[in-house]
Enquirer: 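Provided herewith is a single structure, encoded as structure tokens, for subsequent inquiry.
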Amino acid sequence: MISHLVPRSLARIAISLGVVGALTSSLANAEELARGYYELPEEGDVIGSVYTITAEEDDTLISIGHDHGLGYNAMVRANPDVSVWYPGEGTEVVIPGEFILPDAPRTGIVVNVAEMRLYYYPANSDIVQTYPIAVGRMDWKTPLGNTTITEMTRNPSWYPPASIRREHAEAGRPLPGVVPPGPENPMGTRKMRLGIPGYLIHGTNKPEGVGMRVTHGCIRMLPEDVERLFDQVGVGTRVRLVNQPVKMGWKDGELYAQVYPVLDEDENQVDTLERVTDAIDQADATAEGSDFEIDYERLKEAVEASSGIPYALVPQQPGEPQPLPGTLYDHIELVSAAEVAEEESNEG
């Protein structure tokens, strides 16, 4: 459910101080936690909340998202009728800040490629951290599987692989053999090499691409996020890379579904009916052994919308606010998005 409005200026101040919870009752559990930090639920699988803020004159949907720990696609899906580049002063902007934790062990790093989101579970802590990421575009897919961090580098140089140099040369944008640390380096200020050859978690010098499929397979984070994560992990930290476009989880005794669009390369392999059928099987398996009665119509709505906003799978009461309708492909405002994606495809 969406909470009441939070003035943008107050939201920005509170986030910078790590006291978002002081703003609204719906954010009370986040009090004194930095952006992206959430207490693990004692029971259940849902963290955060969906709320709204009012935009200021100089805001973009992307900048608002970054202030609240969200990437491009998440913000566009949640605000299909709001201009990406000029929301307008006083415009109500939905912050889709509620997440079902991925179906994976709650240790180390978990990356859900379909969600374009990274989760970090510090050892011996009741806190989970979650950050938006960019992942590999269709022809340079981010791999799946279990691995570890094998190398960590501050202020790395970038040595473009031959395949990327060839791609850029063919496009008339040749790359040097090495890009030193600095503002022109697409690796950003931190690099964590994974055990899967050729793949990294790293920062970026173009944060507007976070939340999109624009990389050559690597996992790209906002500069402040990658620096925060870098300081907490080390060589040997486990990393699980999963693809879960449909997540199920419990909150206050009710089953929720959170659905994202399938990856582009999967679109021709699964249709909506198949996705709904698979989601029903997943919900039945999750609710097995409980007396919870699933509202399958609500589940169908969640799959068809693929909005990334959790749906409670209980009958909707008259007058209750409805989750945002539409899919990314129905409503996404693509103003300059293709240009952003092209510009962002500078590196892994």
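Side-chain atoms are counted along with the backbone in the values below, which use heavy atoms only and exclude waters and symmetry mates. Starting from 1, each residue takes its place in the sequence as its number.
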Enquirer: How long is the span from the OH atom in Y159 to the CE atom in M187, to the nearest 0.5 Å?
Expert: 11.0 Å
Enquirer: Output the distance between atom OH (Y72) and atom CZ (R77), rounded to the nearest 0.5 Å.
Expert: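 It comes to 11.0 Å.
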Enquirer: Under 4.5 Å between any side-chain heavy atoms of V233 and I109, yes or no?
Expert: yes
Enquirer: Using a cut-off of 6.0 Å, state whether more than 12 heavy atoms not belonging to Q232 lie near its atom CD.
Expert: yes
Enquirer: Whether R117 engages the ring of F99 as a cation-pi pair (distance to the six-membered ring centre under 6.0 angstrom, angle to the ring normal within 45°) should be assessed.
Expert: yes
Enquirer: Can you list the steps and then say if R298 with E301 is a salt bridge (Lys or Arg N to Asp or Glu O under 4.0 Å)?
Expert: CA-CA 5 Å; R298 292 278 293 157; E301 292 174 7; 3.5 Å; yes
Enquirer: Is there a donor in the side chain of T107 and an acceptor in the side chain of R240, or the other way round, less than 3.5 Å apart?
Expert: yes
Enquirer: Look up atom SG in C218 and atom CD1 in I133, then write down how far apart they are to the nearest 0.5 Å.
Expert: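 That separation rounds to 11.5 Å.
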Enquirer: Any luck finding a side-chain donor-acceptor pair between E227 and T189 under 3.5 Å?
Expert: yes
Enquirer: Nearest 0.5 Å please: distance from the CD1 atom of I53 over to the OG1 atom of T91.
Expert: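 Separation between the atoms: 9.0 Å.
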Enquirer: Are any non-hydrogen side-chain atoms of L241 and N112 less than 4.5 angstrom apart?
Expert: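 With C-beta onward as the side chain, the pair stays apart.
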Enquirer: Can E224 and R228 be said to form a salt bridge (Lys or Arg N to Asp or Glu O under 4.0 Å), step by step?
Expert: CA-CA 6 Å; E224 61 271 26; R228 180 181 293 174; over 6 Å; no
Enquirer: Would you verify whether the NZ or CZ of R190 falls within 45 degrees of the ring axis of F230 while also being under 6.0 Å from that six-membered ring's centre?
Expert: yes
Enquirer: Side-chain contact test, heavy atoms from C-beta onward, threshold under 4.5 Å: evaluate it for Q244 versus Y260 and give yes or no.
Expert: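 They are not in side-chain contact.
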Enquirer: Would you say P207 and H66 make side-chain contact, with heavy atoms under 4.5 Å?
Expert: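 Yes, side chains in contact.
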Enquirer: For K247 and E115, what are the C-alpha separation, side-chain angles and deciding distance, and is it a salt bridge (Lys or Arg N to Asp or Glu O under 4.0 Å)?
Expert: CA-CA 10 Å; K247 299 188 294 179; E115 187 180 2; 2.9 Å; yes
Enquirer: Just verifying a value: how many Å separate Q282 CD and R275 CZ, rounded to the nearest 0.5 Å?
Expert: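 The CD atom of Q282 sits 10.5 Å away from the CZ atom of R275.
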Enquirer: Is the OH atom of Y296 crowded by more than 12 outside heavy atoms at less than 6.0 Å?
Expert: yes
Enquirer: Check for me, please, whether I100 and I127 land in the same ILVMFWY cluster - side-chain distances under 4.5 Å, paths through other members count.
Expert: no
Enquirer: Kindly say whether P180 contributes a backbone atom to a donor-acceptor pair with the side chain of N185 at under 3.5 angstrom?
Expert: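 Yes.
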Enquirer: Got a donor-acceptor contact below 3.5 angstrom from the T130 side chain to the L118 backbone?
Expert: yes
Enquirer: Is there a donor in the side chain of Y256 and an acceptor in the side chain of Q258, or the other way round, less than 3.5 Å apart?
Expert: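 Distance-only check fails for Y256 and Q258.
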Enquirer: Within a strict 4.5 Å, meaning less than it, do heavy atoms of the T148 and T237 side chains meet?
Expert: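 When only atoms from C-beta onward are counted, T237 and T148 do not touch, as no gap falls below 4.5 Å.
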Enquirer: Can you confirm whether M221 sits close enough to V210 that some side-chain heavy atom of one is under 4.5 Å from a side-chain heavy atom of the other?
Expert: no
Enquirer: Can you confirm whether E151 is buried at CD, in the sense that more than 12 heavy atoms of other residues, nucleotides or ligands lie under 6.0 Å from that atom?
Expert: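 Yes, because the 6.0 Å sphere around CD of E151 holds more than 12 heavy atoms from other groups.
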Enquirer: Can you tell me how far CG of N73 sits from CE of M116, rounded to the nearest 0.5 angstrom?
Expert: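 Reported value, rounded in 0.5 Å steps: 4.5 Å.
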Enquirer: According to ring pair (Phe, Tyr, Trp, His ring centres under 6.0 Å), who are the partners of Y86, at least two apart in sequence or on a separate chain?
Expert: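 Per chain and number, Y86 pairs via ring pair (Phe, Tyr, Trp, His ring centres under 6.0 Å) with no residue.
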Enquirer: Within the supplied structure, the quantity of interest is the number of heavy atoms (other residues, nucleotides, ligands) at a distance under 6.0 Å from D252 CG; does it exceed 12?
Expert: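 Atom CG in D252 is not packed in, count stays at 12 or less.
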Enquirer: Verify salt bridge (Lys or Arg N to Asp or Glu O under 4.0 Å) between R154 and D231, making sure each step is shown before the conclusion.
Expert: CA-CA 10 Å; R154 293 176 181 268; D231 290 341; 3.2 Å; yes
Enquirer: Less than 4.5 Å apart, any side-chain heavy atom of M248 and any of L299?
Expert: yes
Enquirer: So, do V111 and V242 sit near enough that their side-chain heavy atoms are less than 4.5 Å apart?
Expert: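 Side-chain contact under 4.5 Å: no.
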Enquirer: In a check of side chain to side chain contact (heavy atoms under 4.5 Å, CB included) between M192 and each of L200, T153, V226, which one passes?
Expert: V226
Enquirer: Between V82 and Y51, is there shared hydrophobic-cluster membership here, with clusters defined by ILVMFWY side-chain heavy atoms closer than 4.5 Å?
Expert: yes
Enquirer: Do T147 and R238 have side-chain N/O donor and acceptor atoms under 3.5 Å apart?
Expert: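 Judged by distance alone, the side chains do not pair up.
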